[in-house]
There are 2 protein chains.
Amino acid sequence: MADLSSVSGVPIATIKFYLREGILPLGDLTRPNQAVYGAAHVERLRLTRALTTTGGLSVAAVKRVLTAIDSDDPLAEVFEVAQQTVSVEHDGAEIRDEAWERVDALTRGWRVSPGNPGRVEAARILETLASLRIPLSDAWTSDYADAALAAAKADLDEIELRTDRDSRAETVVVGTVLGDALFAALRRAAQEHETSGRFAPRAGDDE
Amino acid sequence: MADLSSVSGVPIATIKFYLREGILPLGDLTRPNQAVYGAAHVERLRLTRALTTTGGLSVAAVKRVLTAIDSDDPLAEVFEVAQQTVSVEHDGAEIRDEAWERVDALTRGWRVSPGNPGRVEAARILETLASLRIPLSDAWTSDYADAALAAAKADLDEIELRTDRDSRAETVVVGTVLGDALFAALRRAAQEHETSGRFAPRAGDDE
């Protein structure tokens, strides 16, 4: 276990916690107080750390998605588990027809089931936006829908690069959880770029 | 205050809390125990609810962005406050040169300062992705960079629609906070659309 800790960079106490929680499979016992851990343990530890630290998932949420990866469930179900895991809990506030109509207009031509957590959350956000003094324009939300569709295409392209079911399932989870974080991070960098180009042009800039 | 509560839909106890925290300006006292609240109070309450409930900000974070909106600070500084508010706290883990090189390649041609919170967070995510058994491809991260740039352009287009500084500042904050949520929600809906098109084609579908 000391070796596993040093190779993975995860503290022993954390490894013990993951073993207790069933997130990390037990090692092969060689003696009553000694177990052997292999490459699969190191990989599982790294995936767990990626999902908790960078992805911000709780340990309970990690357990749910790992169980889905390890299952024989079809990919569509792994997607559903991953989506539910990263979706915001709905507070039950009423969403008016206008917001539903706006989300339908925004996703026209998409095959999306009415209860898709993303669709419901988008309607809730559109409802919120409509209540503000300065509602954001249809052009803005429409550009966001285009960007989201491009990202979803990239997600599926990435999954199709994998050939076996387990690699695909892992890609579904990692892409769903870390994709939000990567997009948000890159958007902030891009905002600085766009701001500097539009609001603070410097003399001599020629690009 | 009872009227303010019924118009805004925010409970009286919450309104009192916001008044104490300085998030909501005090009403004009007409009698020692009676104050008049106007349209500005209703708007401020709605904005606060949008940022906390839908945007997931803490009350302390809302106070920071509202202070930035109410200040005379230039728009670039409001952007900075909004970006810092929604950025993940860095855990201090080392980011290797390889991840920095990858983020630089990904944002080639963008004018971004080295300490931009989005740039640092992107490097950290790329570092995490590289540690996994199935690293996500350059094509995937590059499609995400394109989508993020398109969203940032939409953000700035939206800001340029406004003519006065306060509307622009409010748009910066709302767009930064709710933009992440809207994109994430729409990506999940788009994933279902893309999945159904690629992995579960139904007989008779001709689109």
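These figures come from a predicted structure and were not determined experimentally. All chains are named by letter (A, B, ...) in the order of the sequence lines, taking the proteins before the strands, and each is independently numbered beginning at 1. Both backbone and side-chain heavy atoms feed into the values below; hydrogens, waters and symmetry mates do not.
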For the side chain of [X] and the backbone of [Y], is there at least one donor-acceptor N/O pair under 3.5 Å apart?
X        : Y        : result
A:Glu192 : B:Ser113 : yes
A:Arg187 : B:Thr176 : yes
A:Arg133 : B:Arg46  : no

Heavy-atom proximity to chain B below 4.5 Å, by part of [X]:
X        : answer
A:Ser167 : both
A:Ala139 : neither
A:Gln191 : both

Separation between [atom1] of [X] and [atom2] of [Y], rounded to the nearest 0.5 Å:
X        : Y        : atom1 : atom2 : result
B:Leu182 : A:Asp143 : CG    : CG    : 11.0 Å
A:Thr128 : B:Arg49  : OG1   : CZ    : 10.5 Å
B:Arg188 : A:Glu121 : CZ    : CD    : 8.5 Å
B:Leu186 : A:Tyr144 : CG    : OH    : 10.5 Å
B:Arg119 : A:His193 : CZ    : NE2   : 14.5 Å
B:Phe183 : A:Ile125 : CZ    : CD1   : 12.0 Å

Looking at [options], which makes the most heavy-atom pairs under 4.5 Å with chain A?
options                                : value
B:Ala39, B:Ala150, B:Ser142, B:Ser131  : B:Ser131
B:Val174, B:Asp146, B:Val42            : B:Val174
B:Pro74, B:Gly118, B:Gly9              : B:Gly118
B:Thr141, B:Leu149, B:Val112, B:Leu178 : B:Val112

Minimal non-hydrogen separation, [X] against [Y], with atom names:
X        : Y        : result
A:Ala185 : B:Ala122 : CB-N, 3.6 Å
B:Ala190 : A:Ala148 : CB-O, 3.9 Å
A:Ala154 : B:Trp140 : O-CD1, 3.4 Å
A:Leu136 : B:Gly175 : CD2-CA, 4.2 Å

> More than 12 foreign heavy atoms under 6.0 Å from CG of A:Asp72: is that the case here?
Replying inline: no
>> Please check if the number of heavy atoms outside A:Arg96 that lie under 6.0 Å from its CZ is greater than 12.
In response: no
Which atoms of [X] are under 4.5 Å from chain A, going by heavy atoms: the side chain, the backbone, both sets, or neither?
X        : result
B:Glu43  : side chain
B:Glu158 : side chain
B:Leu132 : side chain

> Step by step, would you call B:Asp180 with A:Asp180 a side chain to side chain contact (heavy atoms under 4.5 Å, CB included)?
Replying inline: CA-CA 8 Å; B:Asp180 284 350; A:Asp180 284 349; over 6 Å; no
>> Counting heavy-atom pairs closer than 4.5 Å to chain B, which one of A:Gly179, A:Ala50, A:Gly55 comes out on top?
In response: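 Of A:Gly179, A:Ala50, A:Gly55, A:Gly179 has the most heavy-atom pairs under 4.5 Å with chain B.
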>> With side chain to side chain contact (heavy atoms under 4.5 Å, CB included) as the criterion, how do A:Arg162 and B:Ile134 come out once you've worked through the C-alpha distance, each side chain's angles and the decisive distance to 0.1 Å?
In response: CA-CA 9 Å; A:Arg162 325 291 179 215; B:Ile134 318 166; 3.3 Å; yes
>> Under the criterion side chain to side chain contact (heavy atoms under 4.5 Å, CB included), I'd like the reasoning laid out for A:Arg124 against B:Thr53: C-alpha separation, chi angles, the key distance, then a yes or no.
In response: CA-CA 10 Å; A:Arg124 200 163 71 94; B:Thr53 310; 4.0 Å; yes
